[in-house]
Amino acid sequence: MEVQAFAKLNLTLDVLSKRPDGYHDLRMIMQSVTLADRLTLEETGAGEVRVRTDLHFLPTGEKNLAAQAALRYWQARGEGPRGLDIAIQKRIPVCAGMGGGSSDAAAVLRALNDRDGAPFSREELARIGEQVGADVPYCVLGGTALAEGKGEALTPLPDLPRCWAVVCKPEFSISTPELFARIDSVRLRRRPDTRGAVEALEAGDLVGVARRLYNVFEDVLPDRQRARVFDLKNLLIGCGALGASMSGTGPTVFGLFDREDPAREAHDRLSQESRETFLCQTV
Ligand code: ATP
């Protein structure tokens, strides 16, 4: 079985409050894009799940989210584990705020479910995915959606009008726990206009959405990283992006374009800043 796992971008990301269980209540608009990992699944009959990827530092066994998804799937079916080899060609940058691991997990759920003649609906599959991670349910459904709670409470939204996204992952990484700790200790100066962005989506207004791209984590980045993210966003805007923002807990920055030519030029320009720069479309 071959299946693609699409990356996600956060069109908006807001942190509403810290919950008694230690998690945060979030509100974010998610969008899947054509940048994708490729997974090949092969049944081996050996009763073991093995994962191979082209990145040596990723886990190969049950620590890999793709393997966890397979185990949860069989558990939900009331079956014991089957033998499965999962080969992943990683294209989605790792620890980048693009949900790569969650998307791989969701792709495994979809592949196994299709293989078995769809015993689970998409919604049921999303609930199984929630046991692997809060972003997995969204990755099962894909498209444009409002995600609330830990990210698992989903409301599908009208598709973002056709556009191009230039995605650039700068060379540093960001600690997600550190960013959440920082956000708890400051008063946010700016929040995304999520309602306005939803209305713009409902009106099919790409410019209205692009103008409202915003992620509260940008405000709490350490100084040097914030400056770098700001520079990359400015470069994208300078190249004609309708709007630009950071995705997830970063550090990936992206810009939206309504035309392909400026998007290609922006891709070429940003490639000089980071080799992990991609031109993609929304899915
Ligand atoms: P998010 O946007 O959901 O915060 P992320 O971009 O920060 O995701 P990922 O790249 O999805 O992070 O995952 C990073 C962590 O998950 C790494 O520590 C990695 O070892 C682990 N991991 C487990 N399975 C995978 C996988 N299939 N692909 C990528 N990372 C994986």
Side-chain angles (χ1 to χ4, degrees), residues 3-13 15 23-24 26 28-33 35-41 49-73 84-112 126 129-142 145 147 149-152 154 165 167-180 183 215-218 221 225 229 245-254 274 276 278:
V3 60
Q4 291 201 83
F6 298 108
K8 62 90 180 159
L9 297 174
N10 287 96
L11 302 180
T12 63
L13 195 165
V15 179
Y23 287 98
H24 290 76
L26 309 173
M28 31 194 196
I29 301 179
M30 320 279 264
Q31 173 64 52
S32 37
V33 289
L35 173 61
D37 294 342
R38 281 177 193 283
L39 288 83
T40 308
L41 282 67
V49 184
R50 282 186 308 216
V51 184
R52 274 179 298 131
T53 80
D54 48 8
L55 297 179
H56 65 89
F57 52 86
L58 287 181
T60 52
E62 291 180 12
K63 282 223 169 89
N64 197 294
L65 298 177
Q68 287 175 30
L71 296 170
R72 292 290 184 184
Y73 174 85
L84 187 67
D85 272 354
I86 305 173
I88 310 179
Q89 262 183 294
K90 288 296 294 183
R91 291 294 169 271
I92 306 173
V94 176
C95 291
M98 300 191 78
S102 304
S103 188
D104 292 347
V108 168
L109 292 174
R110 280 191 270 109
L112 294 176
E130 197 180 327
Q131 300 170 337
V132 180
D135 280 347
V136 181
Y138 164 72
C139 294
V140 169
L141 300 178
K150 285 189 274 176
E152 81 294 354
L154 298 172
V167 173
C168 177
K169 172 172 179 294
E171 49 298 323
F172 55 87
S173 21
I174 288 180
S175 154
T176 299
E178 187 189 322
L179 275 197
F180 273 104
I183 220 147
N215 178 339
V216 290
F217 284 117
E218 287 177 33
L221 291 171
Q225 299 177 346
V229 164
S245 187
M246 187 172 85
S247 187
T249 47
T252 299
V253 174
F254 69 95
S274 165
E276 288 193 285
F278 308 90

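As the structure is a computational prediction, the values presented were derived from the model and not from experiment. Numbering of ligands and ligand atoms starts at 1, following listing order.
Using a 4.0 Å cut-off to heavy atoms of Lys8, the atoms of ligand 1 that qualify are 2 (O). The atoms of ligand 1 that sit less than 4.0 Å from any heavy atom of Gly100 are 11 (O). Atoms of ligand 1 found under 4.0 Å from any heavy atom of Ala96, numbered from 1 in the order shown, are 5 (P), 6 (O), 7 (O). When each atom of ligand 1 is checked for a heavy atom of Met98 under 4.0 Å away, the hits are 2 (O), 6 (O). Heavy-atom contacts of Leu65 reach the following atoms of ligand 1: 23 (C), 24 (N) (cutoff under 4.0 Å). Of all the atoms in ligand 1, the ones that sit under 4.0 Å from a non-hydrogen atom of Asp104 are 26 (C), 27 (N), 28 (N).
For a threshold of 3.5 Å applied to N or O pairs, the pair formed by Asp135 and ligand 1 contains at least one separation below that value. Close N/O approach between Ala66 and ligand 1 is not found [any backbone or side-chain N/O within under 3.5 Å]. Not a single N or O atom of Pro59, backbone or side chain, sits closer than 3.5 Å to an N or O atom of ligand 1. Inclusion of Val94 in the set of residues having an N or O under 3.5 Å from an N or O of ligand 1 is not warranted. Here's the thing with Phe57: none of its N/O atoms is less than 3.5 angstrom from an N/O atom of ligand 1. Geometrically, ligand 1 and Asn64 share a nitrogen or oxygen pair separated by less than 3.5 Å.
Side-chain atoms of Tyr138 come within 3.5 Å of backbone N or O of Ser32 as a donor-acceptor pair. A donor-acceptor pair is defined here as one N or O able to donate and one able to accept, closer than 3.5 Å; such a pair exists between the side chain of Gln68 and the backbone of Lys63. Checking side-chain atoms of Asn215 against main-chain N and O of Gly248 turns up a donor-acceptor pair under 3.5 Å. For the pair Thr53 (side chain) and Ile88 (backbone), a donor-acceptor distance under 3.5 Å is absent. The backbone N or O of Cys139 lies less than 3.5 Å from no partner atom in the side chain of Ser103, so there is not a single donor-acceptor pair. Using modelled atom types, no side-chain atom of Gln89 and backbone atom of Leu39 make a donor-acceptor pair closer than 3.5 Å. Of the possible donor and acceptor atoms, one in the side chain of Thr252 sits under 3.5 Å from a partner among the backbone N and O of Ala96.
When distances from atom 16 (O) of ligand 1 to the protein are checked, no heavy atom turns up under 4.0 Å. For atom 21 (C) of ligand 1, the nearest protein heavy atom lies 4.0 Å away or farther.
For atom 2 (O) of ligand 1, the closest heavy atom belonging to the protein is Gly99 N, 2.9 Å. Nearest non-hydrogen protein atom to atom 11 (O) of ligand 1 is Gly101 N, 2.7 Å. Given atom 10 (O) of ligand 1, the protein heavy atom at minimum distance is Cys95 N, 2.8 Å.
Among all heavy-atom pairs drawn from Val229 and Pro251, the shortest one is CG2-O, 4.2 Å.
With a 4.5 Å cut-off on side-chain heavy atoms, Leu35 and Pro93 count as touching. You'll find the side chain of Cys168 stays beyond 4.5 Å of the side chain of Phe254, heavy atoms only. Contact check for Arg52 versus Ile86: no side-chain heavy atoms found under the 4.5 Å cut-off. Proximity of Ser247 to Lys8: side-chain heavy atoms (C-beta onward) are separated by under 4.5 Å at one or more points.
In this structure, of Thr53, Leu9, Val51, Leu58, the residue bringing a heavy atom nearest to atom 30 (N) of ligand 1 is Leu58.
The shell of residues lying under 4.0 angstrom from ligand 1, judged by heavy atoms, includes Lys90.
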